[in-house]
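Every value quoted in this text rests on a predicted model; they were computed, and no experiment measured them. Within every chain, numbering begins at 1; the chains are lettered A, B, ... in the order of the sequence lines, protein sequences first and strands thereafter.
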2 protein chains.
Amino acid sequence: MAVSRDPDVNRAMCPSRLILEHVTSRWGVLVLAALLDRSYRFSELRREVGGVSEKMLAQTLQTLERDGFVHRDAKPVIPPRVDYSLTELGKEAAEQVWGLARWTEKRVDEVFTARARYDEAKERGAAYGEARTP
Amino acid sequence: MAVSRDPDVNRAMCPSRLILEHVTSRWGVLVLAALLDRSYRFSELRREVGGVSEKMLAQTLQTLERDGFVHRDAKPVIPPRVDYSLTELGKEAAEQVWGLARWTEKRVDEVFTARARYDEAKERGAAYGEARTP
DNA sequence: CGGTATCCTCCTAGATACTG
DNA sequence: CAGTATCTAGGAGGATACCG
């Protein structure tokens with residue numbers, strides 16, 4: 001039988017995996033981090049985050065809104081004005097992922113050192129010709 | 001100019017983003033969580049995690065090893081025996097992501113409620129025919 | 001301003017087959 | 001047992017154009 005066309009459904013063997021995916025997604029992390037400071041308008045957020053396309057920002061915000069992390073406040077004025085802010089749940093989420101992000105930044109040097117060591121070891125292995133069969 | 005063919009290079013505007021991606025990746029989370037309990041052999045880990053292909057498990061382990069989170073201990077015996085365990089850095093990483101995962105699990109009900117509310121609101125919007133132009 | 005709709009291009013996960 | 005090599009479908013995400 002074919003699996004569902006909705007990727008969210010297929011990966012949802014564990015539902016929390018999906019939520020994790022949403023909040024740790026490339027733009028999800030940055031959006032949550034930005035909104036932790038204050039509320040933002042769409043274009044403002046786009047500039048703040050930097051490098052995100054309209055499509056991806058809209059998609060990210062919709063996902064986060066649907067999950068109950070972000071509140072969307074669309075004012076019926078012309079020109080349109082839409083403000084995004086964190087819900088209480090979203091604030092918790094943002095603090096969690098931001099905590100992880102901060103930890104990661106703290107350890108980035110150690111990771112780089114580890115990588116250099118790993119790559120050098122590989123290099124040496126290749127140099128001493130350990131059973132390479134090309 | 002063309003950007004690099006290595007996705008890790010392109011996404012690395014922020015190096016910590018990459019590390020985050022490695023530890024929160026689909027299988028990364030589960031591998032770290034498993035190794036938090038004890039060390040595992042390759043096939044053992046494959047069974048424990050469940051649903052992971054050999055290729056993806058190998059790739060995940062290599063990435064985590066390169067980042068300095070996982071220690072690979074290959075014993076020169078026949079048949080081969082390779083044990084994987086967490087380094088000190090990896091233990092920290094695992095605790096961080098596991099913390100996030102636990103938080104997510106705790107809030108999964110609230111997220112589902114939020115989603116139901118969101119979907120229902122969309123439904124109603126469509127039902128009352130608000131300016132749909134198909 | 002704040003989005004959608006459409007197209008299009010890579011990337012990546014997974015399946016399969018093979019090796020030391 | 002513990003992986004590597006190769007192939008492929010399809011999904012993620014960017015570019016572009018358009019709408020209310």
Side-chain angles (χ1 to χ4, degrees), chain A residues 2-11 13 17-18 21-22 24-28 30-31 39-47 49-63 65 70 72-84 122 125-126 129-134, chain B residues 2-11 13 17-18 21-22 25-28 30-31 39-63 65 70 72-84 122 125-126 129-134:
Chain A
V3 287
S4 168
R5 239 51 57 195
D6 181 354
D8 279 8
V9 168
N10 290 330
R11 293 182 199 161
M13 313 136 301
R17 164 95 284 260
L18 261 182
E21 217 151 90
H22 294 166
T24 64
S25 74
R26 174 157 186 171
W27 306 118
L30 298 172
V31 165
S39 77
Y40 279 91
R41 297 180 62 179
F42 187 86
S43 299
E44 231 180 2
L45 200 48
R46 194 151 129 69
R47 278 188 294 274
V49 167
V52 63
S53 65
E54 286 182 1
K55 181 186 154 189
M56 287 316 297
L57 183 57
Q59 201 175 102
T60 302
L61 285 168
Q62 279 165 16
T63 304
E65 189 197 353
V70 162
R72 181 177 182 275
D73 182 19
K75 275 128 186 166
V77 295
I78 292 182
R81 179 190 177 97
V82 182
D83 286 278
Y84 290 94
K122 284 249 146 167
E130 36 186 57
R132 301 266 301 161
T133 35
Chain B
V3 287
S4 167
R5 237 51 56 195
D6 181 353
D8 280 7
V9 168
N10 291 329
R11 291 181 201 162
M13 313 136 304
R17 164 95 283 261
L18 260 182
E21 216 150 271
H22 294 165
S25 74
R26 175 154 186 182
W27 306 118
L30 299 172
V31 165
S39 77
Y40 278 91
R41 300 179 61 177
F42 187 86
S43 298
E44 232 180 1
L45 200 48
R46 193 152 130 69
R47 277 187 294 275
E48 175 69 18
V49 166
V52 62
S53 66
E54 286 182 1
K55 180 188 154 190
M56 287 314 298
L57 182 57
Q59 201 175 101
T60 302
L61 285 169
Q62 279 165 16
T63 304
E65 188 197 354
V70 161
R72 181 176 182 276
D73 183 19
K75 275 127 184 166
V77 296
I78 293 183
R81 180 191 176 99
V82 183
D83 286 278
Y84 291 94
K122 285 250 148 167
E130 36 188 58
R132 297 270 299 163
T133 37

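Rounding to the nearest 0.5 Å places CZ of B/R17 at 7.5 Å from CZ of A/R26. Summarising the geometry, atom CZ belonging to B/R81 is positioned 4.0 Å from atom CZ belonging to B/R41; distances are rounded to the nearest 0.5 Å. Summarising the geometry, atom OH belonging to A/Y84 is positioned 5.0 Å from atom CG belonging to A/L61; distances are rounded to the nearest 0.5 Å. Distance CD/B/E65 to OG1/B/T60: 12.5 Å, rounded to 0.5 Å.
Listed pair B/R47 / D/dC1 fails the phosphate criterion, with no side-chain N or O lying under 4.0 Å from OP1 or OP2. Contact annotation: A/R72 reaches the phosphate of C/dG3 (side-chain N/O to OP1 or OP2, under 4.0 Å). Between B/Y40 and D/dA2 there is no side-chain polar atom (N or O) within less than 4.0 angstrom of OP1 or OP2. B/R41 has a side-chain polar atom (N or O) that falls below the 4.0 Å cut-off from OP1 or OP2 of D/dA2. Of the side-chain N and O atoms in A/S43, none sit less than 4.0 angstrom from OP1 or OP2 of C/dC1. In terms of phosphate contacts, A/W27 brings no side-chain nitrogen or oxygen within less than 4.0 Å of OP1 or OP2 of D/dA12.
Summarising the geometry, the separation between CD on B/E21 and P on D/dA12 is reported as 14 Å, rounded to the nearest angstrom. Rounding to whole angstrom units, CD of residue B/Q59 and P of C/dC11 are separated by 14 Å. When rounded to the nearest whole Å, the span between CZ of A/R26 and P of C/dC11 equals 13 Å. Going from atom CZ of B/R46 over to atom P of C/dG14 covers 11 Å, rounded to whole Å. Atom CZ in B/R81 sits about 16 Å away from atom C1' in D/dG3, given to the nearest Å. Between B/L61 atom CG and D/dC1 atom C1' the separation is 14 Å, expressed in whole Å. Atom CG in B/D83 sits roughly 8 Å away from atom P in D/dA2 (whole-Å rounding). Between A/M56 atom CE and C/dG2 atom C1' there is a gap of 17 Å when expressed in whole angstrom units.
With hydrogens and angles left out, the side chain of B/K55 and the base of D/dA5 share no donor-acceptor pair within 3.5 Å.
In terms of position along DNA chain D, the nucleotide closest to B/V82 lies nearer the 5' end than the nucleotide closest to the other residue of the pair A/G51 and B/V82.
Using a 4.0 Å heavy-atom cutoff across all strands shown, B/E44 reaches no nucleic acid atom at all.
Comparing C/dG3, D/dG13, D/dC1 against the side chain of B/P79 picks out D/dC1 as the nearest. Nearest to the side-chain atoms of B/Q62 among the listed nucleotides C/dG3, D/dT4, D/dC1 stands D/dT4. With distances taken from any side-chain atom of B/P80 to the nucleotides D/dA2, D/dG14, C/dG2, the minimum falls on D/dA2.
Residues B/E48 and B/L30 have side chains not in contact (no heavy-atom distance under 4.5 Å, counting atoms from C-beta outward).
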